Amino acid sequence: MTPGAYDAVILAGGAARRLGGVDKPALRVGGRALLDRVLDACRGAGRTVVVGPRRPTVRPVRWAREEPPGGGPVAAVDAGVRQTTAPLVLVLSADLPFLTPETVRALLDGIEGAGGGQGTEGVRATGGSQATEGTDATVGIQATGGVQGTGGVQGIEGTVLIDSDGREQPLVAAYRAEPLRREIALLATEHCGLGGLPLRLLVSELALARLQHPTASFDCDTWEDITTARARIREHGHVLDEWIAAVKAELGIDLDVDTAALLDLARDAAHGVARPAAPLTTFLVGYAAAQKGGGPEELAAATEKAAALAARWAEEQ
């Protein structure tokens, strides 16, 4: 997708009553604040607006507050959308620990009925039947309005994520900006304001595609949810990717890491030289790559050289 083709609005207010009133967006899962995890997933946005109290964030954002203060989700969406300019608006809550850039792309692709939005769990927004996690099945891009055409769903005004129970999640969704503004204006007129209005009123008249993704739709409303999220990222199939993402965020770097190549290098250094050589070698490879410019090609070249050296070293034993 063209850079800046969409803006993002993230709702980071609310009382978090089921969490005892704690600052929920600041709670950490995998060493990173929930809000920062969501910000990472939508880093391709041209403009990101966070609706809620100002706080440190992993990247620059714009800030907004709903009127009236504490006025509820529709008022918060309105406050955020007012600061957006792109034709598409991604609307997210700040408590989605497993949202990924791939799922964000699938939501945006679903508006056009284009398909091809491959997610990390192997899902595609192509229209058809529902997908299950861990498969390459298609995901339901079935509109509540609009018309099904040969080139995809026509007239779609948004794509909303569906959770594992089949419920729509309007705060994990992408919308066309103009229809969203239209519905906000109509509600403000009909109800003499937006305070206290439920989200279902905002989306009920929009022609929405539906994208099922049970992992990305997981949100943290209770301490049990936080515990579940923290345990899930430490599962065998996810922990390494989660750790690397956390380290990159902490160090402020955005670099594709060939994990397998670096692990192979560490193994070869440990077995062919000595165990302490593994972390020292990978550090030196990273430093060498940084000295040459720090890109993926430089990292790959430094890894290859060090691996060849480790092989030559081992041959002499």
Side-chain angles (χ1 to χ4, degrees), residues 8-43 45 48 50-53 55-59 61 73 76 90-107 118-123 130-135 139 160-174 199 211-251 257 259:
V9 173
I10 302 174
L11 273 58
R17 294 183 180 87
R18 296 169 68 184
L19 284 163
V22 301
D23 183 9
K24 181 166 67 169
L27 290 177
R28 296 187 179 277
V29 172
R32 292 189 289 165
L34 285 171
L35 175 57
D36 285 343
R37 297 179 72 92
V38 175
L39 287 171
D40 184 61
C42 63
R43 58 182 178 268
T48 300
V50 178
V51 184
R55 67 189 70 229
T57 53
V58 71
R59 63 178 178 84
V61 300
L90 187 70
V91 178
L92 304 168
S93 62
D95 61 349
L96 303 166
F98 304 119
L99 185 69
T100 65
E102 291 79 10
T103 305
V104 165
R105 284 197 295 271
L107 287 168
Q118 185 71 34
T120 53
E121 276 71 40
V123 296
Q130 291 180 339
T132 56
E133 183 179 1
T135 72
V139 176
V160 61
L161 212 66
I162 305 298
D163 66 17
S164 57
D165 295 323
R167 295 173 297 192
E168 293 184 355
Q169 301 294 319
L171 293 184
V172 197
L199 277 171
L211 172 67
Q212 183 170 0
H213 198 309
T215 304
S217 62
F218 183 91
D219 58 3
C220 294
D221 291 325
T222 66
W223 285 114
E224 182 180 0
D225 293 336
I226 294 291
T227 300
T228 298
R230 288 171 172 171
R232 182 177 293 178
I233 67 168
R234 285 167 171 76
E235 293 174 355
H236 175 69
H238 305 285
V239 63
L240 200 55
D241 289 339
E242 287 286 349
W243 170 248
I244 290 172
V247 172
K248 290 196 297 184
E250 189 71 16
L251 298 179
V257 177
T259 305

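Remember, it's a predicted structure, so these values are computed and weren't measured experimentally. Values below: every heavy atom of this structure, side chains too, minus hydrogens, waters and symmetry copies. Positions are given from 1 along the sequence.
R28 meets the salt bridge (charged side-chain N to carboxylate O under 4.0 Å, His left out) test with no other residue; sequence neighbours excluded. Partners of S164 under the side-chain hydrogen bond (donor to acceptor under 3.5 Å, both in side chains) rule, at least two apart in sequence or in another chain, do not exist in this structure. When the side-chain hydrogen bond (donor to acceptor under 3.5 Å, both in side chains) test is applied to D241, no partner is found at least two apart in sequence or on another chain. D163 meets the salt bridge (charged side-chain N to carboxylate O under 4.0 Å, His left out) test with R167; sequence neighbours excluded. Evaluation of the side chain to side chain contact (heavy atoms under 4.5 Å, CB included) rule for R230 yields V29, I226, R234 as partners, not counting sequence neighbours. Partners of R43 according to the salt bridge (charged side-chain N to carboxylate O under 4.0 Å, His left out) rule, which considers only residues two or more places apart in sequence or in another chain, are D40.
Contact record, A12 with R55: O-NH2, 3.8 Å, taken as the closest heavy-atom pair. In terms of heavy atoms, L99 sits closest to A41 at O-CB, 3.5 Å. Of all heavy-atom pairs spanning C220 and A229, the tightest one is SG-CB, 4.2 Å. In terms of heavy-atom proximity, V58 sits nearest to D36 at N-OD1, 3.0 Å. Residues T48 and C42 approach most closely at OG1-O, 4.4 Å, considering heavy atoms. Of all heavy-atom pairs spanning R59 and L39, the tightest one is NE-O, 3.1 Å.
Using a cutoff of 4.0 Å between basic side-chain nitrogens and carboxylate oxygens, E242 and R37 are scored as salt-bridged.
Note that CG of L199 is 4.5 Å distant from CG of L171, once rounded to the nearest 0.5 Å. For the atom pair CG of D165 and CD of Q212, the computed distance is 9.5 Å after rounding to the nearest 0.5 Å. From L34, atom CG reaches atom CG of D95 across 6.5 Å, with rounding to the nearest 0.5 Å. Going from atom CD of Q169 over to atom CG of L96 covers 8.5 Å, rounded to the nearest 0.5 Å. Distance check: D221 CG to L19 CG gives 7.5 Å after rounding to the nearest 0.5 Å. Atom CG in L240 sits 12.0 Å away from atom CD1 in I233 (nearest 0.5 Å).
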Take I162 and E168 through the test side-chain contact (heavy atoms from CB on, under 4.5 Å) and record every step on the way to the result. CA-CA 5 Å; I162 305 298; E168 293 184 355; 3.4 Å; yes
Is there a side chain to side chain donor-acceptor pair (under 3.5 Å) between T215 and R232 once you walk through the steps? CA-CA 10 Å; T215 304; R232 182 177 293 178; 4.7 Å; no
Side chain to side chain donor-acceptor pair (under 3.5 Å), that's the test. Do T222 and D225 meet it? Break it down for me. CA-CA 5 Å; T222 66; D225 293 336; 3.3 Å; yes
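Here the side chains of T103 and L161 are in contact, with some heavy-atom distance below 4.5 Å. Contact check for V172 versus L92: side-chain heavy atoms found under the 4.5 Å cut-off.
Summarising the local packing, CH2 of W243 is surrounded by 12 or fewer heavy atoms from other residues, nucleotides or ligands at distances under 6.0 Å.
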